[in-house]
Every structure is written in C-alpha cells, then in structure tokens.
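Have a look at the structure below, then the notes.
This is a predicted model, so every value here is computed, not measured.
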Amino acid sequence: MDVGELLNYQPDRGTKRPRKDEGEGEPRGRQKLAGPREPGWHQEGDSLDSEDNSDKKKLLEKLMDHDEDLEVGNSEPVDESSVKKMILTFEKRAYKNQELRIKFPDNPEKFMESELDLNDIIQEMHVIATMPDLYHLLVELNAVHSFLGLLSHENTDILLFLEKKAIGVVDLLQELTDIDTLQESEEGAEVLIDALVEGQVVALLVQNMERLDEQVKEEADGVYNTLGIIENVAEFRPGMCTEAAQQGLMQWLLKRIKAKMPFDANKLYCSEILAILLQNNDNTRDLLGELDGIDVLLQQLSVFKRHNPSTAEEQEMMENLFVSLCSCLMLASNRERFLKGEGLQLMNLMLREKKMSRTSALKVLDHAMIGPEGSDNCHKFVDILGLRTIFPLFMKTPKKMKKAGFSDKEHEEHVCSIIATMLRNLKGQQRTRLLSKFTENDCEKVDRLMELHFKYLEAVQVADKKIEGEKHDMVRRGEIIEDSMEEEFYLRRLDAGLFVLQLLCYIMVEISNASIPQLQQRVHQILNLRGGSVKVVRHIMREFAENLGDGKSEEFKENEKKMILDLLENF
C-alpha cells in the first residue's frame with residue numbers, strides 16, 4: 001500500500017509538530033468506505049489548514065525515512081545469538097505496539113512510532129530466512145505465534161497500519177517458507193511448518209486477503225505472496241491441502257477466480273493453487289463440488305469456447321482450470337454435477353470450434369465418461385450428437401495437436417478411451433447408434449481401427465524387444481529381476497503405447513461381439529491380410545484384464561475381468 005494513504009487520516013489535535021512550507025500536489029490515499037466515523041476523525045467538509053498539511057508531511061517523511069533506512073540493510077553477521085536478540089526485540093516492539101493501540105485506539109499518531117519500529121524489525125528478520133537451521137528459535141521464542149497474531153487483528157478501524165504490518169508479515173513468511181530454503185534443513189522446516197499449521201495459518205491468511213484491496217499494488221503483491229506461502233506449505237506437506245481448503249481457502253479461490261476483474265498474475269496463481277489442492281485428494285474435490293465449483297470452472301472455461309487465450313499466461317490459467325476440472329471428475333458425484341451443469345455440451349462445442357481449448361476438452365470428456373459412474377454422461381453425449389464430433393477426431397489426428405504441445409499418442413489415447421468407454425457403458429438405442437458408425441462408408445472406421453492397431457502393435461513390439469534384451473543381460477550378469485523391475489518394465493511398455501493398443505483391442509473385440517456380421521468379418525479380414533493374429537489380440541486383452549481397475553474394489557476387478565474374458569470367447 002502507498003504510504004501516501006496516511007494522508008487520509010486526520011489525527012486529533014495534540015502537540016503540534018514543527019511546520020514546514022506547504023507543498024503542492026500532495027499525494028492522496030485510498031478513501032475509506034463510507035460509514036460512521038469514530039471519535040477523533042474529521043467529518044466531510046472539515047477545512048484543512050497548514051497545520052494539518054504539516055502533520056501529514058511529517059508522517060509521510062517519517063515513513064519514507066524508515067523505508068530508506070531499511071534499504072540500507074544490516075551488515076552485521078547473523079548467528080544464533082543475534083537471531084535470539086532480533087526475535088526478542090520483535091516481541092518487545094509487538095507488545096509495545098499492542099499496548100499503545102489499546103490505550104489510543106482512535107488516535108493513530110500516538111502509536112505510529114511503534115508501528116514503524118515494529119515494521120523495521122519485521123524487515124530485519126528476513127535475514128533469518130537464510131538460516132533454516134535456526135527456525136526452531138522462532139517457535140521456541142513464540143515469534144511464530146506473534147506473526148500469526150499480527151495477521152488476525154480484529155480492530156479494522158485503522159486500516160492502513162494493519163494492512164502495512166500484515167503485508168510485512170506475509171512477505172516474511174513467504175521467504176521463511178520458500179521450498180528451497182525448507183529443504184536445506186528438514187528439522188528446522190518441520191518445526192516451523194508444525195507451528196504454522198497448528199496456528200491455522202491458512203485461515204488467518206484467507207481472512208487477511210479478504211481485507212486487501214487488489215486495486216492497490218502493494219496489497220495485490222500481498223495477495224500474491226500469500227498464495228506463495230500456501231503453495232510452499234502445500235508442497236512441503238501435501239497432507240495439509242484438505243485442512244487448508246476447509247479453512248476457507250477453497251471458497252476464496254473460487255470467488256477470486258470468478259471475480260469480474262481484468263486477468264492478472266493473481267488470477268493465474270489462484271488457478272495454480274486450485275489445481276494443487278485438487279490433485280489426488282477426494283476430500284477437496286468433494287468440497288469444490290459442494291461449493292458449486294464445477295459451475296465456476298465451466299463458466300470460466302466457456303470464455304475459451306470461441307476465443308483463444310490472448311497471452312501465454314492466460315493460456316496457462318486455462319490449462320490449470322482444465323486440470324482442476326479433470327481432477328474433480330475423478331469423483332463420481334462431480335460427474336453428475338458436470339452433467340447437470342451442461343459440461344458435455346461445452347466440451348462438445350470446444351471440440352467443434354477447433355480452438356486451443358480443444359485438446360483439453362478431449363481430456364475432460366475422457367474423465368467425465370470413464371468407468372460405470374460415467375454411464376449417464378456417455379448416454380447424454382450421444383444424445384447431443386457427440387458421435388459426429390468424436391469420430392472425425394478418430395479418423396484423423398489433427399495436425400494442430402502437435403503445435404498445442406499435444407502428441408499424436410495423447411490425442412489417440414483419449415479418443416480411443418472415449419469410444420471404448422461408450423462401448424462399455426452404452427445400452428439400447430444409443431449403443432445401436434454407436435455401432436452403426438462403424439458400418440458407415442464401407443466400414444471405414446474399422447479400417448482406421450486396424451491401422452492404429454498395427455501402428456501401436458509395432459511400437460510395443462520394439463519396446464518389448466529392447467526390454468527382453470535388458471533382461472537377458474541382467475540374467476547373464478547373475479542379477480535377480482525383482483518385482484519392482486517388472487513393474488518398471490510394464491510402465492515402459494505402457495509409455496511405448498501398450499495402453500492405446502489395449503484400448504484398440506478392446507474396441508475390436510466389442511464390435512466383433514455386436515451381432516453385426518460385417519464388422520467381425522472386416523476385422524478378421526484385415527488381420528489376415530496384414531499378417532496379424534487373433535492369438536496376439538487375445539494375449540493383449542488377457543494382460544489388460546489382469547491389470548484392470550487400479551484403486552477399484554476386488555469385486556469390480558473380477559466383474560470387469562470376467563466381462564473381457566467372455567468377449568474373447570467369441571472373438
């Protein structure tokens with residue numbers, strides 16, 4: 001906040017400060033919101049005499065002098081003794097400031113000197129951020145508790161001092177919790193983070209952000225640094241994301257993201273923090289759903305339906321919102337909210353418009369439909385004529401995908417996953433409409449299916465040959481191939497294209513079992529022509545069945561496995 005905002009305050013007449021010549025064009029601060037004035041404040045229309053101007057100039061000069069002094073810095077060596085001395089000085093000044101605030105609640109001039117002294121020591125304490133092994137002193141000497149106390153002042157009558165002091169504390173905490181610094185001393189970091197979490201730091205930070213006005217640069221920076229603290233703590237201790245979200249952070253992030261303000265760095269940062277909170281966390285995903293967060297995400301993303309982001313930063317925010325939406329759709333209850341919020345219609349339009357949002361919209365559709373919980377979304381997608389959108393993407397991988405940083409494999413994986421999921425979930429008329437797509441234009445979609453099958457089969461065979469060579473070398477050296485190594489080899493095969501190959505084989509056996517003779521005949525005809533083998537397809541599908549349903553119940557795995565093996569019986 002600009003120090004010139006002090007000039008809004010009209011202290012009671014007391015001992016007059018030495019006069020100075022009046023100057024022109026004095027800076028003006030942010031006007032206080034209209035409301036009843038406290039005793040000691042001048043009402044509108046009060047005349048400003050030269051003594052007032054002198055008082056104001058004196059206050060402003062004093063603040064500026066302090067800021068200049070801080071820039072000079074402290075060159076004294078820092079050790080445990082000096083840190084203790086610094087913390088004790090901070091505690092004394094904080095106590096004195098609090099005492100004067102209580103004694104003169106309506107006269108900021110009386111405690112201005114203590115505010116400046118307190119602000120000075122807070123700035124000096126930034127040097128502690130270079131010594132994380134001494135963080136325990138901040139906790140032992142109660143400094144962390146005092147920091148949090150400065151964030152939670154209830155008396156908001158004297159806004160300037162509170163905000164300036166709180167922003168100073170935020171800046172300090174942001175440096176203290178810098179992730180690179182925390183990693184230098186695990187013991188010191190654990191002690192500090194424990195104290196912050198115990199003191200409900202996120203709840204206090206959110207309350208503080210509610211008070212800040214982002215129209216003022218210093219306060220906007222305060223919001224940015226506050227988000228930095230939250231990111232640092234969440235990265236160091238991911239388990240606190242649930243607690244942070246429940247302490248008002250999720251609600252504040254959603255409110256800030258949908259606020260009708262020009263795009264800026266803070267909105268981008270909010271989208272990043274939201275994505276972090278939702279990562280691998282069903283509790284925060286559920287909370288977002290309860291707060292109508294799915295609608296907020298869809299509303300914000302709808303802007304990019306027909307328009308590309310105007311800057312790289314705005315594109316990054318768009319991707320963060322898409323990632324957040326994908327995370328939320330991992331939860332079954334949110335898929336229902338997505339359906340009711342007409343998310344399918346929005347994603348379908350994005351795919352048709354061929355803007356930057358198209359690649360991420362495809363991922364969202366995949367997440368919305370997958371599994372038994374996505375059945376309603378699958379049926380709705382067919383109803384809104386989504387088959388007309390998805391099959392052109394299946395028939396030809398768009399060239400623009402690579403420009404958008406999206407590989408052919410990623411695109412083909414999502415498209416094949418969507419089609420495979422629909423074959424698994426659709427029933428009745430919608431399933432019939434899906435299967436009829438494969439018979440159109442002399443079964444051209446079956447031809448494309450088989451083309452992709454041989455493409456990925458070759459890629460996996462190359463990877464398998466390399467892995468077999470590595471295994472042979474290990475055996476020759478007398479090394480034991482442990483289970484962890486087998487898992488690593490399997491992941492490498494998936495990365496080479498095994499998962500896409502499994503999806504293609506699943507589609508192949510599904511349409512071959514659809515009681516449409518021409519589909520099964522076309523599949524076997526192309527297999528024979530290109531030297532393919534039914535045995536290879538069966539082997540791939542059995543391996544797929546064995547590795548199904550990660551994170552699902554045993555009952556689900558067994559049912560899915562039985563379903564796949566039954567399909568293979570008639571292939």
Side-chain angles (χ1 to χ4, degrees), residues 170 174 177 179 197 201-210 212 214 220 222-304 309 311-331 333-335 337-338 341 343 346-347 356-357 360-361 363-364 367-368:
V170 165
Q174 199 273 336
T177 59
I179 195 66
V197 172
V201 64
V202 176
L204 295 174
L205 289 171
V206 170
Q207 289 170 19
N208 190 55
M209 286 194 292
E210 294 278 9
L212 299 179
E214 292 185 62
V223 170
Y224 189 88
N225 288 334
T226 300
L227 296 173
I229 297 169
I230 293 167
E231 182 185 21
N232 293 338
V233 176
E235 186 175 346
F236 185 79
R237 188 170 293 173
M240 61 79 64
C241 285
T242 300
E243 193 177 339
Q246 292 170 346
Q247 288 179 14
L249 178 60
M250 179 71 77
Q251 198 163 8
W252 186 88
L253 289 172
L254 291 173
K255 186 172 76 171
R256 178 61 179 84
I257 284 170
K258 72 177 181 181
K260 292 183 179 179
M261 297 167 63
F263 174 77
D264 60 4
N266 284 354
K267 186 168 183 177
L268 171 59
Y269 211 169
C270 284
S271 70
E272 290 176 16
I273 300 297
L274 186 63
I276 290 169
L277 290 182
L278 296 168
Q279 189 175 17
N280 303 320
N281 192 322
D282 280 349
N283 291 320
T284 56
R285 292 165 181 167
D286 189 42
L287 178 60
L288 180 136
E290 291 175 0
L291 294 171
D292 295 326
I294 299 293
D295 280 344
V296 172
L297 293 174
L298 292 174
Q299 287 165 14
Q300 294 303 305
L301 287 170
S302 66
V303 176
F304 306 109
T311 63
E313 289 76 18
E314 194 173 13
Q315 183 182 351
E316 187 181 347
M317 183 203 69
M318 178 186 78
E319 294 300 332
N320 288 335
L321 296 180
F322 270 119
V323 167
S324 296
L325 188 53
C326 286
S327 291
C328 289
L329 292 173
M330 300 293 284
L331 201 65
S333 57
N334 282 334
R335 296 184 198 182
R337 293 178 177 119
F338 178 80
L346 177 60
M347 298 306 123
M356 281 185 186
S357 57
S360 296
K363 280 195 262 188
V364 170
H367 281 78

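A 4.5 Å side-chain heavy-atom check between Met347 and Phe338 finds at least one atom pair inside the cut-off. Leu277 places a side-chain heavy atom less than 4.5 Å from the side chain of Leu253. The closest side-chain heavy-atom distance from Leu274 to Leu297 is below 4.5 Å. Contact annotation: the side chain of Met317 never approaches that of Gln300 to less than 4.5 Å [non-hydrogen atoms, C-beta and beyond]. Proximity of Val201 to Met240: side-chain heavy atoms (C-beta onward) are nowhere separated by under 4.5 Å.
Contact record, Leu249 with Ala244: CB-O, 3.2 Å, taken as the closest heavy-atom pair. Minimum heavy-atom separation, Asn281 to Cys241: ND2-CB, 4.0 Å. Taking both residues in full, the closest heavy atoms of Asn266 and Ala220 are given as ND2-O, 3.1 Å, listed atom of the first, atom of the second, then distance. Ala245 approaches Leu287 most closely through the heavy-atom pair O-CD2, 3.5 Å. Between Leu227 and Cys270, the shortest heavy-atom contact is CD1-SG, 3.9 Å. Across Val170 and Ile229, no two heavy atoms sit closer than the pair O-CD1, 3.4 Å.
Separating the CG atom in Leu278 from the CG atom in Asn320 is a distance of 11.0 Å, to the nearest 0.5 Å. Summarising the geometry, atom CG belonging to Leu212 is positioned 12.0 Å from atom CD belonging to Gln207; distances are rounded to the nearest 0.5 Å. Atom CE of Met356 is separated from atom CE of Met318 by 7.0 Å, given to the nearest 0.5 angstrom. Taking CD of Glu231 as the start and OG1 of Thr226 as the end, the distance is 13.0 Å to the nearest 0.5 Å. Summarising the geometry, atom CG belonging to Leu346 is positioned 8.0 Å from atom OG belonging to Ser357; distances are rounded to the nearest 0.5 Å. A distance of 10.0 Å separates SG in Cys328 from CG in Asp286, rounded to the nearest 0.5 Å.
Not a single donor-acceptor pair under 3.5 Å links the side chain of Arg337 to the backbone N or O of Asp292. A donor-acceptor distance shorter than 3.5 angstrom exists from the side chain of Ser271 to the backbone of Leu268, with no hydrogens or angles considered. Of the possible donor and acceptor atoms, one in the side chain of Asn232 sits under 3.5 Å from a partner among the backbone N and O of Thr177. Asn334 contributes a side-chain N or O that, together with a main-chain N or O of Arg285, makes up a donor-acceptor pair within less than 3.5 Å.
Sorted by first and then second residue, the ring-ring contact (aromatic ring centres under 6.0 Å, His included) pairs with a member in residues 234-277 read Tyr224-Tyr269; sequence neighbours excluded. Among residue pairs with one or both ends in residues 240-258, those qualifying as salt bridge (charged side-chain N to carboxylate O under 4.0 Å, His left out) are Glu210-Lys255, Glu214-Arg256, Arg256-Asp264; sequence neighbours excluded.
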Would Gln279 and Ser327 count as a side chain to side chain donor-acceptor pair (under 3.5 Å) if you check the C-alpha gap in whole Å, the side-chain angles of each, and the deciding distance to 0.1 Å? CA-CA 6 Å; Gln279 189 175 17; Ser327 291; over 6 Å; no

